[in-house]
Amino acid sequence: MKHFLSTEEISKEELEKLLVLAFEISKNPKKFKKALDDKIVATFFFEPSTRTRLSFESAILRVGAKVISTENANTSSSAAKSESIEDTARMLSGYADAFVMRNGDDDSAHRAARVSTIPVINGGSGSAQHPSQSLLDAFTIFKHKGRLDNLKICVLGDLKKGRTANSLVRLLSKFEGLQVFSFAPKGCEFNCEIPHTVVKSFDEIPHDVDVLYQTRFQRERHDGKNAVLPIIDKKVMERFSKDTLLLHPLPRNDEISTDVDDDPRALYFEQAHNGVFARMAILITLLGGKK
Ligand code: NCD
């Protein structure tokens with residue numbers, strides 16, 4: 001694997017290897033503390049981030065590498081002087097051994113990878129892809145379900161402009177027997193070619209669905225009014241089986257009520273923490289770490 005750009009381009013075998021490594025890391029992270037101790041990794045973020053940038057930087061430090069970082073790249077890097085993504089990637093190729101980039105353009109990671117001489121990791125590209133998020137989502141599902149085959153998942157929220165559900169469904173579609181349901185208001189519909197059943201109410205979602213994957217309204221990617229998203233609260237969760245996992249990439253607004261936070265099926269905070277292991281696995285896989 002040269003870059004980590006989209007869940008479409010990663011094979012099932014590569015995914016399985018990444019997941020096995022992420023599990024090994026999660027059992028004993030200290031074993032990997034020198035894995036990349038001769039490397040420098042850059043993080044270059046044009047869009048806001050809490051989890052992705054900081055968990056990548058934590059992962060970089062936990063594998064013994066060093067980090068150089070630009071946040072608010074639109075204003076604090078030469079992108080403010082109209083430098084292109086391609087020229088930025090050429091520069092980073094001389095300063096680091098790999099870089100993580102987040103940008104609002106759907107094609108940004110691929111544009112960077114076309115000219116980069118070092119591995120490019122997509123930290124979120126427009127409404128299209130967020131592959132490291134999908135890996136940590138899959139890690140969390142596997143940890144709690146013990147399988148990625150024969151999953152029944154319902155993705156909810158802003159499925160049109162949100163990249164996480166898109167990216168995750170594409171990853172899970174590599175495994176056997178996936179059934180996908182989508183529940184989104186008008187203007188936020190799921191326009192993914194992976195077969196899925198559109199539902200219009202919580203009642204239409206099978207009560208034994210394995211995963212409810214809620215997402216927020218992507219206000220910054222829509223013009224005009226907010227859409228009203230399906231809200232998951234304690235009462236809604238009563239409809240679902242004790243084995244239904246509730247995931248959300250975060251940040252949440254009000255689409256998951258805080259009264260659900262102490263439900264054992266609500267995994268979103270653990271999910272975000274799993275991001276460190278998943279990202280350590282991505283870095284070691286791309287940069288070839290020693291133990
Ligand atoms: C997501 C993103 O950036 O796509 N956040 C994240 O990385 N966990 C979700 C979002 O912003 O809604």
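Both ligands and their constituent atoms are indexed starting at 1 by order of listing.
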- Task: Give the single entry among Glu220, Gln129, His130 that approaches atom 7 (O) of ligand 1 most closely by any heavy atom.
- Result: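 Among Glu220, Gln129, His130, the closest heavy atom to atom 7 (O) of ligand 1 belongs to His130.
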
- Calculate, to the nearest 0.5 Å, the distance between atoms CG and CZ belonging to Asp263 and Phe240 respectively. 12.0 Å

- Item | Spacing of CZ belonging to Phe190 relative to NE2 belonging to His196, to within rounding of 0.5 Å | 6.0 Å

Proximal ligand 1 atoms for [X], defined as those under 4.0 Å from one of its heavy atoms:
| X | answer |
| --- | --- |
| Thr52 | 6 (C), 7 (O) |
| Pro249 | 8 (N) |
| Leu250 | 1 (C), 5 (N), 6 (C), 8 (N), 9 (C) |
| Arg216 | 10 (C), 11 (O), 12 (O) |
| Thr164 | 1 (C), 4 (O) |

- Any heavy atom of Gln218 sitting closer than 4.0 Å to ligand 1? yes

- Heavy atom of Thr215 under 4.0 Å from ligand 1? no

- Task: Check whether any side-chain heavy atom of Thr88 sits under 4.5 Å from a side-chain heavy atom of Ser77, and report yes or no.
- Result: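 Thr88 does not reach Ser77 side chain to side chain.
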
- Task: Might you confirm whether atom NZ of Lys174 has over 12 heavy atoms from other residues, nucleotides or ligands at distances under 6.0 Å?
- Result: yes

- With heavy atoms under 4.0 Å as the rule, classify the contact between Glu47 and ligand 1 as side chain, backbone, both or neither. neither

- Message: I'd like to know if Glu47 and Arg163 make a salt bridge, using a cut-off of under 4.0 Å between side-chain N and carboxylate O.
- Response: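 The answer is yes: the pair qualifies as a salt bridge.
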
- For this output row, return yes or no: ring centroids of Phe46 and Phe44 closer than 6.0 angstrom. yes

- Item | Identity and distance of the protein heavy atom lying nearest atom 4 (O) of ligand 1 |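 Answer, as residue, atom name and distance: Arg163 NE, 2.8 Å.
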
- Evaluate the ring planes of Phe139 and Phe277, with Trp represented by its six-membered ring, and classify them as parallel (under 30°), tilted (30 to 60°) or perpendicular (over 60°). tilted

